[in-house]
Amino acid sequence: MPPPPDFQPATADEFTVRNFIDDIIDEELAPGGRCYGKTVHTRFPPEPNGYLHIGHAKAIAIDFGTALKYDGICNLRMDDTNPVREDIEYITSICEDVRWLGFDWEDRFYYASDYFERMYECAEHLVLNGLAFVCDQSAEEMRESRGTLTEPGTESPWRNRSIEENLDLFRRMRAGEFPDGARTLRAKIDMASGNMNMRDPVIYRIARATHHRTGNDWCIYPMYDFAHPLEDAFEAITHSLCSLEFEDHRPLYDWFIENCPVPHQPRQIEFARLNLTNTVMSKRKLRILVENGSVSGWDDPRLPTISGLRRRGFTPYSIRDFCNRIGVSKVNSTVDYRLLEHCLREDLNAHAQRVMAVLDPIELLITNYPADKTEILPAENNPEDADAGERDLSFSGRLWIERDDFMIKPIPKYFRLYPGNEVRLKHAYIIRCTGYETDDFGNVARVLAEYEPASRGGAAPDGRRIRGTIHWVDQNTAVDAEVRLYDNLFTVESPDNAPGAPEDYLNPDSLTVRTNAKLEASLAEPDYGKRYQFLRLGYFCHDNRDSCPDHIVFNRTVSLRDSFKLPTT
RNA sequence: UGGGAUGUGGCCAAGCGGUUAAGGCACGGGACUUUGACUCCCGCAUCGUAGGUUCGAUCCCUACCAUCCCAGCCA
C-alpha cells in the first residue's frame with residue numbers, strides 16, 4: 001500500500017534502548033544458542049475486530065523495533081480465527097495505522113485463515129497420536145467439570161474415545177454433520193493442572209459463521225491457543241512477543257509446538273502492556289465511549305486510538321520515541337500521559353512552522369498609526385531551524401489580539417498589555433497601551449495603543465528591555481477559523497480503577513471550541529498533515545475530517561508548556 | 001499449601017555482589033529570551049518488609065507482605 005502523506009519511516013537507529021527481550025535474544029543468537037545463525041523474525045498479530053490504539057503502538061514498536069534492532073524482519077498477520085467477531089473493515093484501518101506509524105512489513109502480510117488447512121492437519125495429527133479427543137460436553141458441562149482455581153477439574157466422559165472414533169468424529173465435525181456447539185475437539189493434557197489452560201483446552205469449535213476470507217469453507221474454527229503457536233511456527237517466527245496475560249498460556253503454546261509437526265520452534269516472550277493516565281485503553285471501554293456519543297467516533301482527537309492521535313496531530317516519530325522511552329519490562333504500569341506530550345512537543349518544536357493566530361480576539365487599535373497604512377513585515381518560520389526561512393506578514397493599525405493579553409487591572413507579574421504598559425507585537429513594533437473601550441455590558445471591546453515607529457521589527461531603539469511580547473493578526477488579511485482545544489478525556493488518573501464506570505469521570509471541558517478565531521493570511525489554504533505552532537498557544541493542525549477552504553478547522557495538538565498561569569475566571 | 005508473574009524516588013526505568021543507586025517525565029528553584037516557548041544550570045531515592053550468606057547485597061538465600069493475570073466453545 002502507498003505510504004501516507006506524512007509518512008516518517010522508522011529506522012534502526014531509533015531503536016537503541018535495550019530491554020530484557022534483547023538480553024534473551026542476544027543469548028539465543030550466541031554460538032550454541034537456540035537461534036545461532038538465524039535471522040530474528042517477529043510478528044505483529046492483531047485480531048481484525050477493532051481499531052488500533054497507542055497500546056498497540058507499543059506492541060508494534062516492540063515487534064517491528066526488535067526486528068529492526070537485529071536486522072531481522074517482522075510480519076504483519078491478521079489473527080482472524082473467529083469470524084463472528086471480525087470484519088474486513090478493520091483490516092484496512094490496521095494496515096493504515098501500522099504503516100502510518102512508520103513500520104514496513106514489506107511483502108509479509110499474512111492471514112491466520114490462510115493456514116486453516118494446515119492447522120486442521122495438525123489437529124488430526126494430535127488425534128492420531130492420542131493427544132486430542134472429540135468431546136460431546138455442552139459449554140455448561142465443560143464449565144462445570146473444569147474445576148476452579150483451587151480445585152482440579154474432572155475428566156470428560158468422552159476423553160477416552162478411541163483414536164478411530166475421534167478421527168471419524170473430527171472429520172464429520174469438519175464436514176458439517178453436527179450443529180454449532182454440539183462437539184469440540186479438545187487437547188488431552190491434564191484436568192488437574194494448576195494452570196487452567198492445561199485442563200484439556202478446546203482447540204476447535206463448531207460455528208457456522210461466514211468468514212470474511214474463507215467464506216463458508218469451514219464450519220469449525222481453531223481456538224487462539226492452538227492456532228497462534230502454529231501460525232508463528234508456519235511463518236518461522238523466532239520470537240513471539242506478546243503481553244503479560246498470555247504468560248500462563250505459554251506452557252500450552254509450547255505443548256502445541258512440541259506435539260504438532262511444525263517446521264520451526266518459536267519462543268513466546270511476554271511484556272507488560274501500556275496503560276496511560278487519564279484515559280482508557282481497552283477496546284471495550286473505547287467502544288462504549290464511541291457508542292454512547294461521549295466522543296465523535298473512533299478517530300475523535302481525544303481518544304488514544306491511532307486514528308485519533310493522527311487526527312489530533314501527533315507525529316509518528318513522537319509516538320515511536322515515546323514507545324522507546326517508556327521501555328519494555330514485565331511490570332504492570334501506568335505511564336504519565338505528560339511523557340507522551342513531552343515527546344510530541346520535542347518533535348513539533350523542531351519541525352513545526354511558526355504562525356500567528358488569535359483564538360479569542362479583541363481589537364487593538366493603534367491610534368498613531370496612519371489609518372490607511374499597511375506594511376509587510378518579515379517573520380521567521382522556525383527559530384529552531386535556520387533553513388525554514390521567512391514569510392511576509394501584513395500589518396496595520398487595526399489588529400486582533402488575544403483577550404488574555406490585556407487586563408484593565410493587571411495581576412502581579414503580569415507583563416502583557418494594561419493601561420500604561422509597553423509590550424512588543426511579535427515581529428512588528430513596540431506599543432504602549434493608552435486606554436480601552438468597553439461595550440454595553442462592560443466587557444473590553446477595544447484596546448487602544450500607540451506604537452513606536454523606530455521599533456520596527458520589534459527591537460527597542462534604545463535597547464531597553466520589553467518584558468512582554470504578544471502575538472497578533474492584521475484585521476485586513478485575517479482568516480476566520482474554528483479552533484478546537486482539547487484536554488484530558490477523564491478527570492482522574494485511572495478511570496479504570498476508580499469506583500463506578502469510566503464515563504462517570506468524563507471531563508466536561510475535554511473539548512472547547514473557539515468559533516471566532518483569526519488566523520494570519522498564510523493559513524487560508526488547508527495543508528493537511530502539516531504541523532504548525534501558533535505562537536504562544538501551542539501546536540495545531542488542520543482537522544483531517546472537517547477542515548475545508550470554506551470553513552477552516554484547526555485542532556490543538558498540544559499546548560506549549562506554560563510556566564505562567566492566568567487565574568481562572 | 002491452586003497456578004503464573006511483579007515489587008528501585010510522584011510516574012516510567014537502568015542496575016546482573018564492590019557505582020556518589022544511570023537516564024527520562026513530573027515537580028521546585030535560577031539563567032537566558034522579539035514565543036512567560038525553546039535552551040541551559042541547580043535540587044529531588046538507600047532499592048516492598050524481616051532475617052540470613054558475604055569483608056561487602058538493590059543484586060544471592062529464606063520467610064513474609066502487597067499488587068496483577070487465569071475458571072470463553074474470545075484473542
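To find a chain, count down the sequence lines: A is the first, B the second, and so on, and within it residues start at 1. Computation of the quantities below employed the complete heavy-atom set of this structure, encompassing side-chain atoms and omitting hydrogens, waters and symmetry-equivalent molecules.
Under 4.0 angstrom from either OP1 or OP2 of B/rA13 there lies no side-chain N or O belonging to A/Arg18. The phosphate of B/rA75 has OP1 or OP2 within less than 4.0 Å of a side-chain N or O from A/Thr81. Taking only side-chain nitrogens and oxygens, A/Arg85 never comes nearer than 4.0 Å to OP1 or OP2 of B/rG72. For the OP1/OP2 pair of B/rA13 and a distance below 4.0 Å, the side-chain nitrogens and oxygens of A/Ser329 include at least one atom meeting the criterion. In this model, the phosphate group of B/rG2 is not approached by any side-chain N or O of A/Arg199 to a distance below 4.0 Å at OP1 or OP2. Between B/rA75 and A/Arg205, a contact under 4.0 Å exists linking OP1 or OP2 to a side-chain N or O.
Checking B/rU6, B/rA75, B/rG72 against the side-chain heavy atoms of A/Glu47 singles out B/rA75 as nearest.
Straight-line distance between the C1' atoms of B/rC60 and B/rG3: roughly 26 Å, to the nearest whole Å.
A tilted orientation is assigned to the rings of A/Trp218 and A/Tyr120, their planes being inclined by 30° to 60°. Between A/Phe415 and A/Phe564, the ring planes lie tilted relative to each other; the angle falls in the 30° to 60° range.
In this structure, A/Lys330 places its NZ atom 18 Å from C1' of B/rC12, rounding to the nearest Å. To the nearest angstrom, C1' of B/rG4 lies 12 Å from CD of A/Gln268. Here the P atom of nucleotide B/rC74 and the CG atom of A/Asp79 are 14 Å apart, to the nearest Å.
Across all strands, A/Gln137 comes closer than 4.0 Å to base atoms (heavy-atom distances). Among the heavy atoms of the strands, none lies under 4.0 Å from A/Val423. Nucleic acid contact for A/Asn197: none, since no nucleic acid atom lies under 4.0 Å from a heavy atom of the residue. Within 4.0 Å (heavy atoms only), A/Tyr204 reaches no atom of the nucleic acid at all.
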Using a 4.0 Å cut-off on protein heavy atoms (strictly under), produce a 5'-to-3' string for nucleotides 22-42 of chain B with B for base contact, S for backbone-only sugar-phosphate contact, and - for none. --SSS------BBBBBS----
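Contact of A/Asp248 with B/rG3 (side chain to base): a donor-acceptor pair of N or O atoms is detected under 3.5 Å.
Comparing A/Met142 and A/Asp23 by the nucleotide of RNA chain B that holds the closest heavy atom to each, the one mapping nearer the 5' end is A/Asp23. Place A/Thr148 and A/Asn82 on RNA chain B by their nearest nucleotides, and A/Thr148 ends up nearer the 5' end.
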Using side chain to side chain contact (heavy atoms under 4.5 Å, CB included), reason through A/Thr154 and A/Met191 one step at a time and then give a plain yes or no. CA-CA 6 Å; A/Thr154 50; A/Met191 287 306 288; 5.9 Å; no
Apply the test side chain to side chain contact (heavy atoms under 4.5 Å, CB included) to residues A/His211 and A/Asp80: give CA-CA distance (whole Å), side-chain angles for both, the deciding distance (0.1 Å), then the verdict. CA-CA 9 Å; A/His211 188 281; A/Asp80 56 352; 3.3 Å; yes
Go ahead and write out RNA chain B as dot-bracket, 5' to 3': ( ) for pairs within the strand, [ ] for ones crossing earlier pairs, | when the partner sits on another strand, dots for unpaired; Watson-Crick or G-U wobble, both distances under 3.5 Å. .(((((((.[[[..)..(....]]].(((((.......)))))....[[[[[..)....]]]]])))))).....
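Between A/Glu346 and A/Arg325, at least one side-chain nitrogen of the basic residue sits less than 4.0 Å from a carboxylate oxygen of the acidic one, meeting the salt-bridge criterion.
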